[in-house]
Amino acid sequence: MSFQPNPGDEVVINDIAYTIGQHPAAPGLAYAQAGRQGIVYQLLPRNGSIHGAKALKVFFPKFRIPAMVYQSEHMESYSELPGLQVCKRDVLTPERNGALIGKHPDLLYAVLMPWVQGQTWFDVISDQRQLTAEESLKLARALAGTGSAMEQRGLAHCDMSAPNVMIPFFSEVENLGKMSAVELVDVEQMYGSKMDRPDALLAGSPGYAAHRTVHSGLWSSYADRFAGAVIIAEMLSWSDPVIVEKAWGESYFDQHEMQTVSERYYAMRESLEKRWGSKLSDLFIRAWESHDLSSCPTFGEWYVALAAVDVDQANTAAAVTAEEKAANPSEADVNLQKSSEPVSVPVNTQDGNRPQTPHSPDQEAVVNRLFLQARALEDEDKPAAALEVYRSLYHFIPHNSAMQMEVEAAIKELDAKLNPKEDTDKPVPVPFYRSKKFMISSAVLIVLLAGGVPTVKILADQAEVKQKEQQEATRLADIKAAEEAEAAKAAALKQQEEQEKQKAADAAKLDAEEKKKLAEAKQKAAEAKKKEEERKALQAKYDKQAKYEAFLVKQEQQKKEAAKRAQQEKYDKQAKYEAYLVWKKENDAKLAKQEAERKAAAEVKRQQEIAQKAALKKKRAQNVVTLIAHYNKTYNAQKGRKIENAEAYARDFKNLYNTDASYFKGVGKVAARMSAINKFLSNNSYTLPNL
C-alpha cells in the first residue's frame, strides 16, 4: 500500500504517535513538499504543537538506499553545527519499523528529521520580497558561518541552491530552539571523509551551477564555494530594489548567464561595491571569474569580510541612491506627475493653509471611520495608537471645520499626555502633523482617495496587532502553566511508581523466604525418593539379566530366519531391477521429449515477452515525446494568452501522464512538468516555467 496520507492521519514511528499536518495554503491536503529525491511530509506531535514538528522524507524508489542508515549515523554529530539541524536524522529500517514498512512499503529507508519552519530563499526570490539592509547582512553572515563551519570539518552540501536554503528568520512561528537564521536541507548528497559516494551525483541547480565545472556531478569539499558565493551575493543585494527588479525569476541569474559578462552581473557587482564595499565585491568577482571550484573564495573569507561590514554603509548608499533618483526623476515619474496635475492641489507654504480638496463620499466614509476608531482607542486607554490615528485623520478633514478643531485639540492633549514638557523655555518644535513633508504626503493621499481607492490601511491597526500579541502571550503562558502542571503530575506518578517498586521488593523478599522453606522440604522428599529408587534399580537389574539371556536365544533363531529371507529378497530384487531398467529407458525417452517441448514453448514465450517489452518501450518513448509536446503547447498557449487552449493542452498532458504515472515520474523533468500543470489547472494565473 503506497504512502498517500491525508491531514490528521496518525503515524506511529519508534513508539511515538504523530499526525499528518495540513497544508496552510491548501486546506484538506497533506503538508508535503516534493524535491529531487522524494517527498517531505510534516508530522505533528499528538498534542498538535508546531514546535515538536518533524519532517518525514519518503524517497523515490531510485534513492531508497540501505547505506542511508550508515550515512545518517555519521551525520548526527554534525547536527550541532549552525544551519545543519536536519542532520539529526532517524532512518526507518525493517528491523525497527517492520510493521509500518509492511503496511506502507514506500517508507523503506525514509528519514525522520526536525521540521524547519520558515520560507526558502527560493520563495523570497520568487515573491520579489525586498529585504532591509539589516536582514540582508544577517542572512549572509549566517550562511557564511554555516559554510565556514562545514569547510573546517571537510564537509560540503553538494547541492547548495535557493530551494535548499531555509530561512527560519522569516518564520511566523516562535523559535524556541537554538535555530540558525539560515538552515540547509536536502543533505543526502553531503560530502565528507566518512561518507559514501552517492550512486547518482547532481551537477548543481540552475542559476547556481558554474558552467566551467565538470557536469558529471559535484562531490568534493569545494563543491559549495561557487553556489555559496552566488547566494551570499543575492542575500546582500536583495535590499537593493534595482537588483530585485532585475531578477530572472526563480534565481537572480539565468543559468545561461553563469560566469559570463551580462547586465545582471554588472548590476550586482556595482550594488555590492556601493552598499557593502570593495572587499565583498572583489570576493564575488573572484568566484565569478574562477576556472575551478578550488580557486573560489572560501566561506571563511566571506565570513571575515562580512564581520567587518557596517550596515550603516548600506543604509547610507540606499539613501544617496534615493536622493539621486528624486533629483533625476525617470521619464515614468515625470509622466505620472503630468497625468496627476489636473487633480492635484498646491500647498501654500507661506501662510500655512492646508490644501482644500473636494471630498468624495468614499473619502468621507474613511474620515468618519478613522474618527470613530480614534475615539474607541481613547476609550480603551491606548493613547499612542489613538494619537497616530488622529494625526492620519488631521489632513483629511475640511479646514476650519468643527471636526478639525476637535481633532487638533485631541492631538495636543494626547501629545502632552505622552510627552510631558520639562523645560518651557526650549523652542517648541513644529508638530509632525503641521510639517511640510507630512502635509504634502497627506495631499497626495487625498488625491488617491478621491480617485476611487476603496480602502486605506491605517497605522492604528497596530493596536489590534498588539492586542493579538498580548492574547498570544497569554495563550503561551497558559500552555506553559499546563506543561508545568503536567510535569508536576509526572513527578507525582514517578514517586508513586517508586513506592510501588518498594512494595514489590518487600513482597519479593517474603516470596524468596517461602521458596527457600519449600526447597528444603523438597530436598528431604527427594532424598527419601532416591533411596527407594536405588532399591528398585537393583531389583530391575536382576530382572534385566534374566530377560537378556532369553533375548540371546531368541536372537539366534531370528538370525537364521533373516538369512533365509535375505536370500529370497535377493532373487526378488534382481527381477525388479531388470523390470526397472526397461521402465527407465522408456521414461527417459518420454521426459526428453517433454523437456524439448517445454524449451520450445519457453523460447516462444520469451520472444513474445521481448516483443512486448520493445513495444512498451517504444510506446513509452512516444508518450514522453507527446507529453513534452503537450507541455510546450500549453506553455506557448499561455504565453500567447490563449488560456482555454492552454487548459485543454494541460488536461491532455495530465490524462496521458496518469496512464503510466509510475514510469513518467522518474523520466527527466516530466514529473516537474506534471507538478507545474497541476498548479496551472488549479490556478490558471500560475505562470508555467520554461522546462
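- To the nearest 0.5 Å, atom CE of residue Met195 and atom CH2 of residue Trp219 are 8.5 Å apart.
- Around the OH atom of Tyr222, the shell of radius 6.0 Å holds no more than 12 heavy atoms that belong to other residues, nucleotides or ligands.
- Atom CE of Met113 and atom OG of Ser79 lie 13.0 Å apart (nearest 0.5 Å).
- Of all non-hydrogen atoms in Gly228 and Leu143, the two that sit nearest each other are O-CD2, 4.5 Å.
- Side-chain contact check for Thr146 versus Leu81: every heavy-atom pair is 4.5 Å or farther apart.
- At least one donor-acceptor pair closer than 3.5 Å links the side chain of Gln255 to the backbone N or O of Gly207.
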Quick one: do His157 and Val187 satisfy side chain to side chain contact (heavy atoms under 4.5 Å, CB included)? Show the steps, please.
CA-CA 6 Å; His157 185 277; Val187 295; 4.0 Å; yes
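- Side-chain contact between Met68 and Phe59: present, with at least one pair of heavy atoms (C-beta onward) separated by less than 4.5 Å.
- Asn658 contributes a side-chain N or O that, together with a main-chain N or O of Lys654, makes up a donor-acceptor pair within less than 3.5 Å.
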Intermediate values then yes/no, side chain to side chain contact (heavy atoms under 4.5 Å, CB included), Val124 and Leu139
CA-CA 12 Å; Val124 175; Leu139 295 181; over 6 Å; no
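- With rounding to the nearest 0.5 Å, the separation of CD in Glu250 from CG in Asp123 is 10.5 Å.
- Between Asp292 and Ser294, the shortest heavy-atom distance links the atoms OD1-OG, 2.6 Å.
- Partners of Tyr686 according to the side chain to side chain donor-acceptor pair (under 3.5 Å) rule, which considers only residues two or more places apart in sequence or in another chain, do not exist here.
- Annotation: side chain of Leu283 is not in contact with side chain of Leu272 (no heavy-atom distance under 4.5 Å).
- With a 4.5 Å cut-off on side-chain heavy atoms, Asn632 and Tyr649 do not count as touching.
- Residues Met150 and Met190 have side chains in contact (heavy-atom distance under 4.5 Å, counting atoms from C-beta outward).
- Between the side chain of Glu183 and the main chain of Gln85, a donor-acceptor pair closer than 3.5 Å is present.
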May I have the list of side-chain donor-acceptor pairs in residues 4-12 shorter than 3.5 Å, sequence neighbours left out?
from, atom 1, to, atom 2, distance (Å)
Asp9, OD2, Asn6, N, 2.8

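- Within 6.0 Å of CD in Glu644 there are 12 or fewer heavy atoms belonging to other residues, nucleotides or ligands.
- For the pair Tyr631/Ile628, no side-chain contact is recorded, criterion being any heavy-atom separation below 4.5 Å from C-beta on.
- With hydrogens and angles disregarded, a donor-acceptor distance shorter than 3.5 Å links the side chain of Arg264 to the backbone of Lys246.
- The two residues Thr19 and Pro45 come nearest to each other via the heavy atoms OG1-O, 4.1 Å.
- Here the side chains of Phe664 and Met674 are not in contact, with every heavy-atom distance at 4.5 Å or above.
- In terms of heavy-atom proximity, Thr260 sits nearest to Tyr265 at O-CB, 4.1 Å.
- For residues 682-691, no residue pair satisfies the salt bridge (Lys or Arg N to Asp or Glu O under 4.0 Å) rule, not counting sequence neighbours.
- With sequence neighbours excluded, no residue forms a salt bridge (Lys or Arg N to Asp or Glu O under 4.0 Å) with Lys194.
- Closest heavy-atom contact between Tyr635 and Leu688: CE1-O, 3.4 Å.
- Pairs engaging residues 148-158 under the salt bridge (Lys or Arg N to Asp or Glu O under 4.0 Å) rule: Glu151-Arg225 [sequence neighbours left out].
- Residues meeting the side chain to side chain donor-acceptor pair (under 3.5 Å) test with Ser662, sequence neighbours left out: none.
- Asp15 meets the side chain to side chain donor-acceptor pair (under 3.5 Å) test with no other residue; sequence neighbours excluded.
- Evaluation of the side chain to side chain donor-acceptor pair (under 3.5 Å) rule for Asp186 yields Lys57 as partners, not counting sequence neighbours.
- Residue pairs meeting the salt bridge (Lys or Arg N to Asp or Glu O under 4.0 Å) criterion with at least one member in residues 71-100, sequence neighbours excluded: Glu76-Lys88, Arg89-Glu188, Asp90-Arg96.
- For the pair Asn684 (side chain) and Phe680 (backbone), a donor-acceptor distance under 3.5 Å is absent.
- Listed by chain and residue number, nothing satisfies the salt bridge (Lys or Arg N to Asp or Glu O under 4.0 Å) test with Arg129 (two or more places apart in sequence, or in another chain).
- Taking CD from Gln608 and NZ from Lys605, the interatomic distance works out to 9.0 Å, rounded to the nearest 0.5 Å.
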Val182/Ile167 under side chain to side chain contact (heavy atoms under 4.5 Å, CB included): CA gap, chis, key distance, verdict:
CA-CA 5 Å; Val182 170; Ile167 315 293; 4.2 Å; yes
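- For the pair Met268 and Glu234, the minimum side-chain heavy-atom distance is below 4.5 Å.
- Looking at Glu603 and Arg606, a side-chain N of the basic residue comes within less than 4.0 Å of a carboxylate O on the acidic one, giving a salt bridge.
- Proximity of the aromatic rings of Phe253 and Trp288 is defined here by a centroid distance below 6.0 angstrom, and this criterion is met.
- Applying the side chain to side chain contact (heavy atoms under 4.5 Å, CB included) test between Thr634 and each of Leu681, Ile677, Asp652 identifies Ile677 as the sole match.
- Around CD of Glu263, the count of heavy atoms belonging to other residues, nucleotides or ligands within 6.0 Å does not exceed 12.
- Ser180 contributes atom OG, which lies 12.0 Å from atom CE of Met166 (distance to the nearest 0.5 angstrom).
- Nearest heavy atom pair, residue Phe299 against residue Ser148, reads CB-N, 3.3 Å.
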Identify every side-chain donor-acceptor pair in residues 613-625 under 3.5 Å, counting partners at least two apart or on other chains, and give the distances.
from, atom 1, to, atom 2, distance (Å)
Arg620, NE, Asp660, OD2, 2.6
Arg620, NH2, Asp660, OD2, 3.3
Asn623, ND2, Lys619, O, 3.4

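- Here OH of Tyr78 is found 9.0 Å from CE of Met75. Values are rounded to the nearest 0.5 Å.
- Ser682 contributes a side-chain N or O that, together with a main-chain N or O of Lys679, makes up a donor-acceptor pair within less than 3.5 Å.
- Every residue meeting the salt bridge (Lys or Arg N to Asp or Glu O under 4.0 Å) condition with Arg64, not counting sequence neighbours, appears here in chain and number order: Asp106.
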Apply the test side chain to side chain contact (heavy atoms under 4.5 Å, CB included) to residues Leu112 and Leu43: give CA-CA distance (whole Å), side-chain angles for both, the deciding distance (0.1 Å), then the verdict.
CA-CA 9 Å; Leu112 186 70; Leu43 302 184; 3.7 Å; yes
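- Using bins of under 30°, 30° to 60° and over 60° for the plane-to-plane angle, the ring pair Tyr70/His74 lands in the perpendicular bin.
- Checked by atom type and distance alone, the side chain of Glu301 pairs as donor or acceptor with a backbone atom of Thr298 at under 3.5 Å.
- Of the residues listed (Phe3, Tyr31, Trp115), the one engaging Tyr41 in a side chain to side chain contact (heavy atoms under 4.5 Å, CB included) is Phe3, and it is the only one.
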